[in-house]
Amino acid sequence: MKVIGLVGTNASVSYNRKLLQFMQRHFKDEVEIEVTEIKDLPLFNEDAVSNPPASVQALNDAVKAADGVILATPEYDHAIPAALKSVIEWLSCIDHPFRNKAIMIVGASLGAQGTSRAQIQLRETLDAPGIGGYVLPGNEFLLSHATQAFDDQGWLKDTKTVAFLEECVAHFIDYAKLIEAKFAPQAVNNCSNLKWNASYDVIVLGFGAAGASAARFAADNHAKTLLVDAAPNGHEGGNVRYAGQVVATGTDYDQLLAYYQAMLGPIDLDEDLLATYVHGMVNMRDYFKTYLDVKDPVSYNDTYKYGPKTGPSDALAPEYPEFPGAKAFDLTLVHEGFFDAALWKNLRQHVLDRADNIDVWLDSPAEQLIQDPETKAILGVQIKRNGVSVNIRARNGVVMTMGGFETNQKYIQNYLGAPHLAPIGSLYNRGDGIRMAEAVGADMWHMHSYEGLGFLAGMTFAPKPGERGKLILAPWPDLYTGSIFVAGDDGSRYFREDEPNRHGRLYDHGTWRIPTAQDHAYLIFDQAQLDQFKQADNLPDTTFLDHLVKANTLANLAAATDLDPAVLEKTVSDFNSFAQNGEDFSQHRDAKTMRAFGNGPFYAARLEAGMLNTQGGPRRNAQAEILDVNEQPIPHLYGAGELGGANANQYAGGSNLAECLIFGKIAGENAAKQTPIASTVPVEGPTETDVQLGGNDIAQADALSEIELGANQYLGVSEAGIGGEVVVRITYTNNTLQKVDIVRQSESEDVGQAAVEQLPDKMVAANTYDVDSISGASTSSRAIKSAVKNALAKVPVEN
């Protein structure tokens, strides 16, 4: 049983945090308590509800996935802290994650009454409509005189207090089990009377590159299609929204086949599937022209590697030049440009163009597949729509394109053996597809495979919980030139810092492998190195300098970073010796890049292994059919994309996007062509439901006419945003840009929000749309500037 223990304060020092940490240790054999902070969450803002901050969404998802919640509240002025009330406001209006959850309240205070008034107020708050949780009655645990309650190790000292807390927690565990049993999802795969809330020919789960492709090709084959995604508007798109927009392409079938066989190495892959995959890549330029309406697809090699333009890296095509067939590898782009969501917008538009045959539901996670108990055919999907579970029939088939498990900590530890990894792509790839596929008997493959990318063997500066890691591809020699190295968990050198990596992989005994992830890796350097960073021009990321750990001695630095002081001191001593003697006997870094450390101060920057995507999931064949444990197709179930991807072992950039396009098309077409399912289960429906299912959440309505315009106000539109259309309303009088309002946008909150928030004021101050783009949000900046330029063009000359 897993429970979220919510620290109900944003204070850096809190006895309520200490109480939860005690409970986490003391009850570890009875319940897993994940102590969760709220101190980094922004103040509740109703204007941001439709596109909540990533940190809020992450907490929402954690609460939703837990079996219960323990709220530990201080008492301020006879009430709960404002920070806790703000969090409850966020969670009560987004996805309602408290609904049908067991909730326990505890509290610690400095005085004698032990947060009694705050707990009364909290119970009243949790009783409000929109929350829907079940608060454990009675069992009021009020810890008074908290300053004297704990010993030096954080254990409660009073045995009677501990005994009462044990009694309360035991009651809470029993209560949580009762609540869970009452509201457990209906086992629809074994039901005798199945009621449908709606019916489609094909249901596609996941709106990324594979899902968009599957849906459009199902629709092109005359299938009424439902495309659903767990992400809300502005976050749909899976990893393709954040990808480099390059698609693996081949110039010769036999050579490209040899290249992919070499990357697989000793890993076996179905021969027919691999042949289909390679054929698709060899014909990728024709795919772009025929299906994506790209008149002149861009060759990476012709334009960048051997052409006049500069790309992210010449090593991209190919990444393994020493392998046979490597010369046949290329990449294809929609246009000249990278990381601008151009491919994603193209795929999204093809879905929009088929709005008559494709309904899109966002913020609507699939919960489970509905399977005929006798034939094992997939009949439909249970989907959480507007907070209510509904059964949606798929007459012909279901396509699973739900991505991997980049944000599922349990799966990351179980399948990848890593303590934690920093997601670089979508925050909505939670592994739901793996859970759902396992429940219907699917065989799993490639569960150990994942891709990294970034500096220093795919590292990124450690992000805050619930946020994406920053992808840095620009050359950054300061990270491995000077008095600097990367330390693993014990303070020893982690890897050779100046070694080029291939999607996070380093050379390892004849192959390329991602290094074993560390729990708390650090970039270690001295004052001379810090000065070197500060003197450098155009650092790829300057924000890490604001979050450094500083200490005057290595022993103090080790204590502050949980590294072994003896090991860290020896590592620095050895490093200095290697720098002075001209040879690195530890990691074999070029000694010319090494400078001996000074006497202090010393610095550390927290690092985390970055993860683009996982490859593991349900096994599939060349027809995109998902297979059971006997490697037989599960009737009417298909898969494409990174959920059970074909790539394993070594990886070439652009291969996942190619797989999404190739097998997304195959899956959509085959699902649409299936004979409608004849179920052995008696069914009823469609039936009435208390939830409005709605139609298409992204279809472009005649919304511009609905936007109110006052005197001297003009609308501007741009299609250049990372999420599609950006609409602005400007106020312009007396040759002056008075105001810029962004009235519609679907930019990614963690990528484009800075531009959305900052650019309007910058343009008003400069009295022009032509201002500098916001760093890290260049695509969104271009879209906003383009929309304002469009609006300014409508201003009459006399104005």
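We use all heavy atoms of the structure for the numbers below, so side chains are in, but hydrogens, waters and symmetry mates are not.
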**OP:** Measure from the side-chain N and O atoms of T481 to the backbone N and O of D478, and report whether any donor-acceptor pair falls under 3.5 Å.
**Re:** no
Original post:
Angle class for the Y259/F329 ring planes (parallel below 30°, perpendicular above 60°, tilted otherwise)?
Top reply: tilted
**OP:** Check whether any side-chain heavy atom of Y411 lies under 4.5 Å from a side-chain heavy atom of E406, and answer yes or no.
**Re:** no
Original post:
Hey, are Q409 and H420 close enough side-chain-wise for a donor-acceptor pair under 3.5 Å?
Top reply: no
**OP:** Flag yes if more than 12 heavy atoms outside N538 fall under 6.0 Å of its CG atom; otherwise flag no.
**Re:** no
**OP:** Quick one: sort the F461 and F544 rings into parallel, tilted or perpendicular, breaks at 30° and 60°.
**Re:** parallel
Original post:
Is atom CG of N599 surrounded by more than 12 heavy atoms (other residues, nucleotides or ligands) closer than 6.0 Å?
Top reply: no
**OP:** Without swapping roles, check the side chain of S780 against the backbone of S778 for a donor-acceptor pair under 3.5 Å.
**Re:** no
Original post:
Closest heavy-atom contact between V7 and I38?
Top reply: O-CG1, 3.3 Å
Original post:
Got a salt bridge between E322 and R502, using NZ or NE/NH1/NH2 to carboxylate O under 4.0 Å?
Top reply: yes
**OP:** Say whether S655 and Y260, considering side chains only, have a donor N or O and an acceptor N or O under 3.5 Å apart.
**Re:** yes
Original post:
How far does CG of N283 sit from CE of M281, to the nearest 0.5 angstrom?
Top reply: 11.0 Å
**OP:** Could you tell me whether R589 and E497 have a side-chain N and a carboxylate O separated by less than 4.0 Å?
**Re:** yes
Original post:
Is there a donor-acceptor contact under 3.5 Å from the side chain of T332 to the main chain of T249?
Top reply: no
Original post:
Is there a donor-acceptor contact under 3.5 Å linking the side chains of Q615 and N656?
Top reply: yes
**OP:** Could you check W512, Y450, Y651, Y320 and say which one makes a ring-ring contact (aromatic ring centres under 6.0 Å, His included) with H503?
**Re:** Y651
**OP:** State whether the number of non-hydrogen atoms from other residues, nucleotides or ligands found under 6.0 Å of Q413 atom CD is greater than 12.
**Re:** yes
Original post:
Considering only heavy atoms from C-beta outward, does the side chain of D252 approach that of V282 to under 4.5 Å?
Top reply: no
Original post:
Without hydrogens or angle criteria, can the side chains of D330 and S299 be said to hold a donor-acceptor pair below 3.5 Å?
Top reply: yes
Subject >> R430 and T407: side chain donor to acceptor below 3.5 Å >> reply: no
**OP:** For the residue pair L59 and L41, establish whether any side-chain heavy-atom pair is separated by less than 4.5 Å.
**Re:** yes
Subject >> Pair F338 and Y304, ring centroids less than 6.0 Å apart >> reply: yes
**OP:** Please check if any side-chain donor atom of D531 sits under 3.5 Å from a side-chain acceptor atom of Q535, or the reverse.
**Re:** no
Original post:
Taking the six-membered ring for Trp, is the centroid-to-centroid distance between H235 and Y428 below 6.0 Å?
Top reply: yes
Original post:
Between D584 and S586, does any side-chain donor sit less than 3.5 Å from a side-chain acceptor?
Top reply: no
Original post:
How far apart are the closest heavy atoms of Y300 and P312, and which atoms are they?
Top reply: OH-CD, 3.6 Å
Subject >> Donor-acceptor pair, side chain of D564 and main chain of G491, under 3.5 angstrom >> reply: no
Subject >> Salt-bridge criterion met for R468 and E608 (N-O under 4.0 Å) >> reply: no
Original post:
Taking atom NZ of K470 as the centre, does the number of heavy atoms from other residues, nucleotides or ligands within less than 6.0 Å exceed 12?
Top reply: yes
Original post:
Of F578, Y522, F597, F525, which meets ring-ring contact (aromatic ring centres under 6.0 Å, His included) against F485?
Top reply: F597
